[in-house]
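Note sheet for the following structure.
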Amino acid sequence: MKFAIRIIKNQFHPLKVPDNANIKHGQYVLVRTDKGEEVFKVFLVNEQIQRLWEKHTPEALCIIRILNDEDLKTYEEQKKLEVEAFYKCRDLALKRHLVMKFTQARYTFDRKKITFYYTAPERVDFRELLKDLTQEFKRVRIDLRHIGVRDETSILQGQGICGQDYCCCRFLKKFEPVNTKLAKDQGIPITPGKITGACGRLLCCLNYEYKNYIDAAKTLPPVGSGVMTPDGVGRVFMVNFLKKSLSVKLEDGKIKEYQKQDIEMIDGEVNIDIDINNNLSYQEDEVVDIKSLEDDKNSSTGNI
């Protein structure tokens, strides 16, 4: 059997388990990482993942020991201290008028080091804040880490509009670029509530099925093209890729839906006005700042 731990931001690492260690799924263990000694929950790795690791093995981490009852009490106390430290650091930053949004505070198990994760729209000079923290937390090494808004969401976790845990909390390790063209080509309304995640950036899942939509679009008449329908000549107003159907505006102004096999494309211009922008489903009276939705600069820093 193989065991692994999940460290921050959905990174799973196998454990180096001594032969005499009796480890079970769900137990808490003390592990040595690049930050120091940290506590993690153990996961039993299935055979499929084991086979994958044979080809691309992540770095194995050394287990120090399984937490006993006294260690677990210490760990519970540590979690409370982390909350207190979080608010102390936030208050000190506010006094210094620093534009920093703190995400989390994490102690090492020996409490010799504490890491504060924060997001900020631009580079922050926190030298004075670091002095304040050094006075507040005696004999503790202070680490201030600037992370992106996508990193922040993966740390805090939660559920998306699909009802499942965020992709960045389950399996997504690398963030791919996302732009509004992906939403437009898939016929998704260009409104922040429908195409952005909790991080305030475009949904990562817009990338997942994009190729399928592009392949489907090759078999369907594009928006604006002239077609012959059972009810006469019309122009394609909207394409439904999943249903493989088209909404067509007819000469009398009515819009009807037809299946692909029920229409034929025609050559030449069709004198029927359609508002193509209406297909993008902007909500009335809503100003959509496309640039802010597509701004991926430093949204993921890898500084976790």
Answer yes or no: does atom CZ of Arg32 have more than 12 heavy-atom neighbours from other residues, nucleotides or ligands under 6.0 Å? no
Test your reading of the model: is there a side-chain donor-acceptor pair from Arg235 to the backbone of Gly224, 3.5 Å cut-off? yes
Without swapping roles, check the side chain of His146 against the backbone of Arg123 for a donor-acceptor pair under 3.5 Å. no
Salt bridge (charged side-chain N to carboxylate O under 4.0 Å, His left out) filter on Asp185, not counting sequence neighbours, yields Lys181
Straight-line distance of Leu182 CG to Asn207 CG, nearest 0.5 Å: 5.0 Å
With Tyr75 via ring-ring contact (aromatic ring centres under 6.0 Å, His included) - residues at least two apart: Tyr28
Do Lys131 and Gln135 have side chains that get closer than 4.5 Å, going by heavy atoms? no
Do NZ/NE/NH1/NH2 and the carboxylate oxygens of Arg141 and Asp143 come within less than 4.0 Å? no
Donor-acceptor pairs under 3.5 angstrom involving side-chain atoms of residues 38-47: please list them, not counting sequence neighbours.
residue: Glu38; atom: OE1; partner: Thr33; partner atom: OG1; Å: 2.6
residue: Asn46; atom: OD1; partner: Gln48; partner atom: N; Å: 3.2
residue: Asn46; atom: OD1; partner: Ile49; partner atom: N; Å: 2.9

CG of Leu246 to CE of Met238, rounded to nearest 0.5 Å, is 11.0 Å
Got a sec, which residues hit salt bridge (charged side-chain N to carboxylate O under 4.0 Å, His left out) with Lys88, two or more places apart in sequence or on another chain? Glu136
Lys79/Glu76 salt bridge by N-O under 4.0 Å criterion: no
Validation row: Val236, Pro222 side chains within 4.5 angstrom (heavy atoms): no
Using a 4.5 Å cut-off on heavy atoms from C-beta on, say whether the side chain of Ile161 contacts that of Leu203. yes
side-chain contact (heavy atoms from CB on, under 4.5 Å) for Ile155 and Ile147? Distances and angles first, verdict last. CA-CA 10 Å; Ile155 292 175; Ile147 61 174; 3.7 Å; yes
Verify the cluster assignment for Val31 and Phe109: are they in a single hydrophobic cluster under the rule of side-chain heavy atoms below 4.5 Å apart? no
Say whether Leu67 and Leu15 are linked into one hydrophobic cluster, either directly or through other cluster members, by side-chain heavy-atom distances under 4.5 angstrom. no
Whether the side chain of Gln186 engages the backbone of Leu206 through a donor-acceptor N/O pair (distance < 3.5 Å, no angle test) should be reported. yes
Check whether any side-chain N or O of Thr103 sits under 3.5 Å from a backbone N or O of Glu152 as a donor-acceptor pair, and report yes or no. no
How would you list, by chain and number, every residue that makes a side chain to side chain donor-acceptor pair (under 3.5 Å) with Gln104, sequence neighbours excluded? none
What pairs meet the salt bridge (charged side-chain N to carboxylate O under 4.0 Å, His left out) rule with one or both residues in residues 59-72, with sequence neighbours excluded? Arg65-Asp71
Please examine the side chains of Lys35 and Arg106, heavy atoms only from C-beta on, and report whether any two atoms are closer than 4.5 Å. no
Can you list everything that forms a side-chain contact (heavy atoms from CB on, under 4.5 Å) with Lys95? Sequence neighbours excluded, please. none
How long is the span from the OG atom in Ser154 to the CZ atom in Arg170, to the nearest 0.5 Å? 13.5 Å
Nearest 0.5 Å, please: how far is CD1 in Ile263 from OG1 in Thr229? 8.0 Å
Within the structure provided, determine whether Cys199 and Tyr166 are in side-chain contact (heavy-atom separation under 4.5 Å). no
Non-hydrogen side-chain atoms of Pro14 and Lys2 separated by less than 4.5 Å: no
Contacts of Asp231 meeting salt bridge (charged side-chain N to carboxylate O under 4.0 Å, His left out) (sequence neighbours excluded), chain-then-number -> Lys256
Side chain to side chain donor-acceptor pair (under 3.5 Å) partners of Asp215, counting only residues at least two apart: Lys211
Thr119: side chain to side chain donor-acceptor pair (under 3.5 Å) partners, not counting sequence neighbours: none
For the residue pair Asp151 and Phe175, establish whether any side-chain heavy-atom pair is separated by less than 4.5 Å. yes
Linking directly or through intermediates, with side-chain heavy atoms under 4.5 Å: list the remaining ILVMFWY members grouped with Met100, chain and number order. Leu81, Val83, Phe86, Tyr87, Leu92, Leu98, Phe102, Tyr107, Ile114, Phe116, Tyr118, Val124, Phe126, Leu129, Leu130, Leu133, Phe137, Val140, Ile142, Leu144
Quick one: does Gln159's side chain get under 4.5 Å of Cys169's, heavy atoms only? no
Would one find more than 12 heavy atoms of other residues, nucleotides or ligands at under 6.0 Å from atom CD of Glu264? no
Residues passing the salt bridge (charged side-chain N to carboxylate O under 4.0 Å, His left out) test with Asp252, sequence neighbours excluded, are none
